[in-house]
Peer 1: 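Let me begin by handing over the structure; questions about it come next.
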Amino acid sequence: MNADAMNIFKFLRKKHTSALAVPPLEKRPRHIAFIMDGNGRWAQKRSLPRSAGHAAGTEALREIIKACDEFKIEVMSIYAFSTENWNRPQEEVSALMKLITKYFVSEIDELHEKGVKIKILGELEKFPEEQRLALEKAMEKTKDNKGLKLNIALNYGGRAEIVRAAKAISGKCVSGEMDVDKIDYDALSNEMYTSGDPDVDLLIRTSGDKRLSNFLLWQTWYAEIIFNPVFWPDYNRAELIKDLNEYAARDRRFGRVKTK
């Protein structure tokens, strides 16, 4: 996407406002997870290369991070690149790798100033050195920040994460560090990438598709799910406020029967 097209895109996004107020703090989720879907289809609809859709998606991400920080959301988790995404066309994968580097180089200082703490969920070993070093630098620079926790899932798969946790628990049992009778939900949660974070309260997937796509399978066990039909590049502050209001209106019973 060239500079002129990007400026037009930013202008159009700013025109969208919400008539809804943000729900009170006690009605907001502590942890929101986003499956940022629809970048490619957004671009194809405009006769643009898929890489342009991913570039536009970073503009949406920038706005939503700022909104979550402003709305006092404790944790924001995003699905940026799955273990299955390596199977996409090489041109698209290469563009995504460049975009990762560009994003962290351009945004890390502002995120750090706002107190955002970045955590990468996933195995980084497969990434090219340039991207891996940029990710490690971002985590190191922000590790002591106390603001919004931004979890970025890269080369991530939910089932692989659970297997990884099971192996870690098994190793502790074999070494005698843990007794098998002590294995419980908390023990497994402590071995997840998201250890220390609250479970996901609200999962939002854009673009209209209705599936989890192997994202945070353990952490979303009782999450409320909203399938927002807009493509991710069109997801903005107004859409987020709308989804937060839908979440606030829901009755979360966690398997219990509602009592008067």
Side-chain angles (χ1 to χ4, degrees), residues 1-20 32-68 70 76-108 110-111 127-128 130-131 134 150 152-156 202-215 225-246:
M1 182 180 290
N2 61 37
D4 290 339
M6 184 59 74
N7 288 334
I8 293 172
F9 171 72
K10 292 178 181 179
F11 172 75
L12 291 174
R13 287 183 63 78
K14 289 180 179 178
K15 291 179 66 178
H16 292 282
T17 57
S18 176
L20 295 172
I32 304 180
F34 292 93
I35 299 178
M36 306 180 296
D37 197 19
N39 289 345
R41 281 168 286 167
W42 180 91
Q44 290 172 345
K45 187 177 179 181
R46 292 160 176 78
S47 299
L48 296 170
R50 290 176 62 87
S51 58
H54 295 306
T58 62
E59 293 299 319
L61 176 59
R62 184 177 291 111
E63 180 177 340
I64 298 306
I65 290 173
K66 289 180 180 178
C68 284
E70 179 185 338
M76 174 182 171
S77 295
I78 60 173
Y79 206 7
F81 193 87
S82 75
T83 50
E84 293 77 33
N85 286 158
W86 294 108
N87 297 319
R88 292 188 174 188
Q90 184 58 45
E91 181 181 356
E92 183 177 352
V93 172
S94 296
L96 283 167
M97 293 300 105
K98 292 177 182 178
L99 196 58
I100 288 171
T101 304
K102 181 180 178 181
Y103 177 80
F104 280 102
V105 169
S106 63
E107 299 296 318
I108 187 61
E110 182 176 351
L111 292 172
F127 281 93
E130 183 180 7
Q131 282 72 42
L150 177 61
I152 305 175
L154 289 160
N155 194 27
Y156 172 89
L202 172 61
L203 172 67
I204 298 171
R205 179 172 186 144
T206 57
S207 86
D209 285 349
K210 299 179 180 180
R211 54 181 175 270
L212 294 178
S213 295
N214 201 21
F215 184 47
I225 302 177
I226 293 176
F227 296 109
N228 191 307
V230 306
F231 294 140
W232 177 253
D234 291 327
Y235 192 85
N236 54 26
R237 180 188 176 94
E239 291 292 333
L240 176 59
I241 293 174
K242 182 181 70 174
D243 288 343
L244 288 175
N245 276 275
E246 180 176 339

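The basis for the numbers below is simple: all heavy atoms, side chains too, and nothing from hydrogens, waters or symmetry mates.
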Peer 1: Evaluate the side-chain proximity of Ile32 to Leu244: yes if any heavy-atom separation is below 4.5 Å, no if none is.
Peer 2: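 Of all side-chain heavy-atom pairs linking Ile32 with Leu244, at least one is under 4.5 Å.
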Peer 1: Identify the heavy atoms of Phe215 and Ala153 that sit nearest to each other, and give their distance.
Peer 2: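 Reported closest heavy-atom pair: CE1-CB, 3.9 Å.
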Peer 1: When rounded to the nearest 0.5 angstrom, what distance separates CG in Asn87 from CD in Glu92?
Peer 2: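 Result: 11.5 Å between the selected atoms.
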Peer 1: Keeping Trp42 on the side-chain end and Gly53 on the backbone end, is there a donor-acceptor pair under 3.5 Å?
Peer 2: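 Such a contact is absent between Trp42 side chain and Gly53 backbone.
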Peer 1: Once rounded to the nearest 0.5 Å, what's the spacing between atom CG of Leu154 and atom OG of Ser82?
Peer 2: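 Going from the CG atom of Leu154 to the OG atom of Ser82 covers 10.0 Å.
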Peer 1: Run the salt-bridge test on Glu59 and Arg62 with the 4.0 Å N-O cut-off and return the result as yes or no.
Peer 2: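 Looking at Glu59 and Arg62, the cut-off is met.
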Peer 1: Would you mind reporting whether Asp209 and Arg41 have side-chain heavy atoms less than 4.5 Å apart?
Peer 2: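 The answer is yes, as the side chains (C-beta and beyond) meet within the 4.5 Å cut-off.
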Peer 1: Knowing that exactly one of Gln90, Glu91, Lys98 qualifies, which makes a side-chain hydrogen bond (donor to acceptor under 3.5 Å, both in side chains) with Ser94?
Peer 2: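 That would be Gln90; it is the only one of Gln90, Glu91, Lys98 passing the side-chain hydrogen bond (donor to acceptor under 3.5 Å, both in side chains) with Ser94.
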Peer 1: Which pair of heavy atoms, one from Thr206 and one from Asp37, lies closest together, and at what distance?
Peer 2: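 Heavy atoms only, the tightest pair is OG1-O, 2.7 Å.
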Peer 1: Kindly compute the distance separating CG (Asp234) from CG (Asn228), expressed to the nearest 0.5 Å.
Peer 2: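 Between atom CG of Asp234 and atom CG of Asn228 there are 10.0 Å.
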Peer 1: For a 4.5 angstrom cut-off between non-hydrogen side-chain atoms, does Asn214 reach Tyr79?
Peer 2: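 Yes; the side chains approach each other to less than 4.5 Å.
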Peer 1: What are the two closest non-hydrogen atoms of Pro233 and Asn39, and how far apart are they?
Peer 2: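 Closest approach of Pro233 to Asn39: CD-OD1, 3.2 Å.
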Peer 1: Applying side chain to side chain contact (heavy atoms under 4.5 Å, CB included) to Phe34 and Cys68, what does each step give before you reach the verdict?
Peer 2: CA-CA 12 Å; Phe34 292 93; Cys68 284; 4.3 Å; yes
Peer 1: Considering only heavy atoms from C-beta outward, does the side chain of Ile64 approach that of Met76 to under 4.5 Å?
Peer 2: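 Yes - at least one pair of side-chain heavy atoms lies under 4.5 Å apart.
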Peer 1: Give the minimum heavy-atom separation between Ile100 and Phe127, together with the two atoms involved.
Peer 2: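 Distance-wise, the nearest heavy atoms are CD1-CE2, 4.0 Å.
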Peer 1: Any chance you could measure Phe227, atom CZ, to Leu203, atom CG, to the nearest 0.5 Å?
Peer 2: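 It is 7.0 Å, given to the nearest 0.5 Å.
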Peer 1: Can you name the closest pair of heavy atoms from Val93 and Arg88 and give their distance?
Peer 2: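 Closest approach of Val93 to Arg88, heavy atoms only: CG2-O, 3.8 Å.
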Peer 1: ring-ring contact (aromatic ring centres under 6.0 Å, His included) with Phe104: which residues, sequence neighbours excluded?
Peer 2: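 Phe104: no ring-ring contact (aromatic ring centres under 6.0 Å, His included) contacts found.
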Peer 1: Test your reading of the model: is there a side-chain donor-acceptor pair from Asn245 to the backbone of Lys242, 3.5 Å cut-off?
Peer 2: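 Answer holds: no.
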Peer 1: Side chains of Arg205 and Ile225: does their closest heavy-atom pair fall under 4.5 Å?
Peer 2: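 With C-beta onward as the side chain, the pair stays apart.
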Peer 1: Return the CD1 to OH distance between Ile78 and Tyr156, rounded to the nearest 0.5 Å.
Peer 2: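 Here the interatomic distance stands at 13.5 Å.
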Peer 1: On a heavy-atom basis, which atom in Ile226 and which in Asp243 lie closest, and how many Å separate them?
Peer 2: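 Heavy atoms only, the tightest pair is CD1-O, 3.4 Å.
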Peer 1: Tyr103: what forms a ring-ring contact (aromatic ring centres under 6.0 Å, His included) with it, not counting sequence neighbours?
Peer 2: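 Scan of Tyr103 (ring-ring contact (aromatic ring centres under 6.0 Å, His included), adjacent residues dropped) gives none.
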Peer 1: Looking at CE of Met97 and CZ of Phe81, how far apart are the two atoms once the value is rounded to the nearest 0.5 Å?
Peer 2: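 Those atoms lie 4.0 Å apart.
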Peer 1: Counting only heavy atoms not in Glu130, do more than 12 sit closer than 6.0 Å to its CD atom?
Peer 2: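 Result for CD/Glu130: open.
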